[in-house]
Protein chains: 2
Amino acid sequence: MREFRGKLRILLIDDNSDHLRGVKELISLESNFEVVGATTSANLGINLVKKYRPDIVLTDVNMPEKDGLQAIQDIERLELGTKIIALSGYDDADLIFRAMKLGAKGYVLKTMASAQLIHAIDEVAAGKVYLPSVLSSRFFDYFQRSFKEETSAMDAENLLSYLTAREEEVLDLLTQGNNYKGIAGKLFISETTVKTHVNNIFQKLQVNDRTQAVLYALNNGFANKRRAKLAV
Amino acid sequence: MREFRGKLRILLIDDNSDHLRGVKELISLESNFEVVGATTSANLGINLVKKYRPDIVLTDVNMPEKDGLQAIQDIERLELGTKIIALSGYDDADLIFRAMKLGAKGYVLKTMASAQLIHAIDEVAAGKVYLPSVLSSRFFDYFQRSFKEETSAMDAENLLSYLTAREEEVLDLLTQGNNYKGIAGKLFISETTVKTHVNNIFQKLQVNDRTQAVLYALNNGFANKRRAKLAV
DNA sequence: TGAAATATCAATCCAAAGATGTAGGACAAA
DNA sequence: TTTGTCCTACATCTTTGGATTGATATTTCA
């Protein structure tokens, strides 16, 4: 399963030097793991990533100054294919969500058994994503809650549904920053006709100007709806 | 682990009547499961959910007409606490992502062993989210890719970074649909001053009018940036 | 068929938005 | 102290946007 080349090269970042040492010893016990670096500073850690190009980075996400999330983002931006596993003392849903959002391939609690950490490293090294089931539950709760608002905004009494097909076209062009002249040109109709449509849109959406119309459209899933007609 | 009250009440929706029958028999073999309904129609299924209020709904997501995703959304909107497990013949990342987004608590492939389906039902009934590891890998790939664009748009050569603090405030109010008068009132400055700021914003963002400025802001993570200052 | 909704275009008027130039005071950095 | 940036403010002018009314052709559907 693992690649032919020697050991899995691992870099550790944790501002708690005790924990750092502990993890280092733990990993060193594994014959197929090699710790290529260990530091208590996120900034230093990023430099070490550039220098040693490890396969895996284990980073604490609860650090002062440059925090671990920022470190994840910075490392991801290097685009070296480095796989990141977040370590944390807390099973905070928001923290997990943000770490995964930034590209972490795993998230392990410090309180978890060491075997779990080893397992996580193996899984992530094999190209998988590793989230202990307790944490994945939290993740999905958070994930679904954050989309619930979005979808509920999309239905309900949506004023957008009162628009005619032509008005939707016009609104679509408005949401692309066109003025009257631009819309008229693109739809091959006169500017005054566009004005008529736009005024009708304002009435239906109960707004006063184009900016508010565009904001209403964007906040009420207008783009999604139009995409839906093609993609769903 | 399971609650004291009798059996777990399950409803099945699958337009393939053969598969529907197969799953029904499979589940009926389990002494603690009870199939309270089985239908090949999504619309009918939703009505059955209202009528029987099952604990779990297993629904195919590859159906013609009213598709399974729509069914998931409709059932979720009833807010009966019904837990939904999506069934699909395909491990399509986009499909998995959308099903989970809409609130599905599990996703199981039809090709998977029956034991896995039973396990999924148990897990979901216990309040967990169940995604087989193959699928969760796909899910996270998709998830991270969809956020990669967002974050990369947020840095790079972002014209927003040239704005002064005051200009950011003004732009923020613009993205809320305010006109000159509204902004002036909220910032306790004169309308002409607001005009000056807005004009400077246009220059810096290289746009021609407020709508384009608002769109630029929204498309380049302006809201995220502002939120970041508080929340990150 | 006949009513209702839709799409088109025009004229007019007023308000709002945008462009440009100028300028004083606060403040920080060189 | 000087230089530069930022925030403030005003005047002026042009352009664009928005409201209103009215009109005609086409489509939709009961």
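Naming convention: chains lettered A, B, ... in sequence-line order (proteins, then strands); numbering from 1 in each chain.
Atom pair B:Ile183:CD1 and C:dA16:C1' shows a separation of 13 Å (rounding to whole Å applied). Spacing between atom CD of A:Glu191 and atom P of C:dT8 amounts to 15 Å, rounded to whole angstrom units. Distance, B:Asn179 CG to D:dG18 C1': 13 Å, rounded to whole Å. Following rounding to the nearest Å, A:Arg210 (CZ) and C:dA15 (P) show an atom-to-atom distance of 19 Å. When the C1' atom of D:dC7 is taken as reference, atom CG of B:Leu171 falls 17 Å away, rounded to whole Å. Atom-to-atom, CD of A:Glu169 to C1' of C:dA7 comes out at 11 Å; the value is rounded to the nearest Å. The nearest whole Å value for the distance from the CD atom in A:Gln203 to the C1' atom in D:dT20 is 10 Å. One interatomic measurement links the two molecules: CD1 of B:Ile201 to C1' of C:dG18, which rounds to 13 Å at whole-angstrom precision.
For the residue pair A:Asn199 and A:Gln203, no side-chain donor N or O sits within less than 3.5 Å of a side-chain acceptor on the partner.
The residue B:Lys195 sits close to a base: some heavy atom pair falls under 4.0 Å. Within the nucleic acid shown, B:Thr193 comes within 4.0 Å of at least one base atom, counting heavy atoms only. B:Thr192 comes within 4.0 angstrom of a nucleotide base, judged by non-hydrogen atoms across all strands.
Taking the six-membered ring for Trp and the full ring otherwise, B:Phe202 and B:Tyr216 have centroids separated by 6.0 Å or more.
Nucleotides of DNA chain C nearest to A:Ser190 and B:Asn199 differ in position, and the one nearer the 5' end is that of A:Ser190. If A:Val207 and A:Lys181 are placed on DNA chain D by their nearest nucleotide, the residue sitting closer to the 5' end is A:Lys181.
Side-chain atoms of B:Thr196 and base atoms of D:dC7 include no donor and acceptor less than 3.5 Å apart.
In this structure, A:Arg138 is not positioned above the aromatic face of A:Phe97 in the sense of NZ or CZ being under 6.0 Å from the six-membered ring centre and within 45° of the axis. The cationic group of B:Arg98 does not satisfy the cation-pi geometry with B:Tyr142, failing either the under 6.0 Å distance to the six-membered ring centre or the 45° limit from the ring axis.
The minimum heavy-atom distance between B:Val198 and B:Leu174, with the atom names listed, is CG2-CD1, 4.4 Å.
Taking side-chain N and O atoms only, A:Thr164 has no distance below 4.0 Å to OP1 or OP2 of C:dA5. Between A:Tyr180 and the phosphate of D:dT15, there is no side-chain N or O to OP1/OP2 separation shorter than 4.0 Å.
Counting only heavy atoms from C-beta on, B:Val198 has its side chain closest to C:dG18 among C:dG18, D:dC7, C:dC9. Counting only heavy atoms from C-beta on, B:Phe202 has its side chain closest to C:dG18 among C:dA17, C:dG18, D:dC7.
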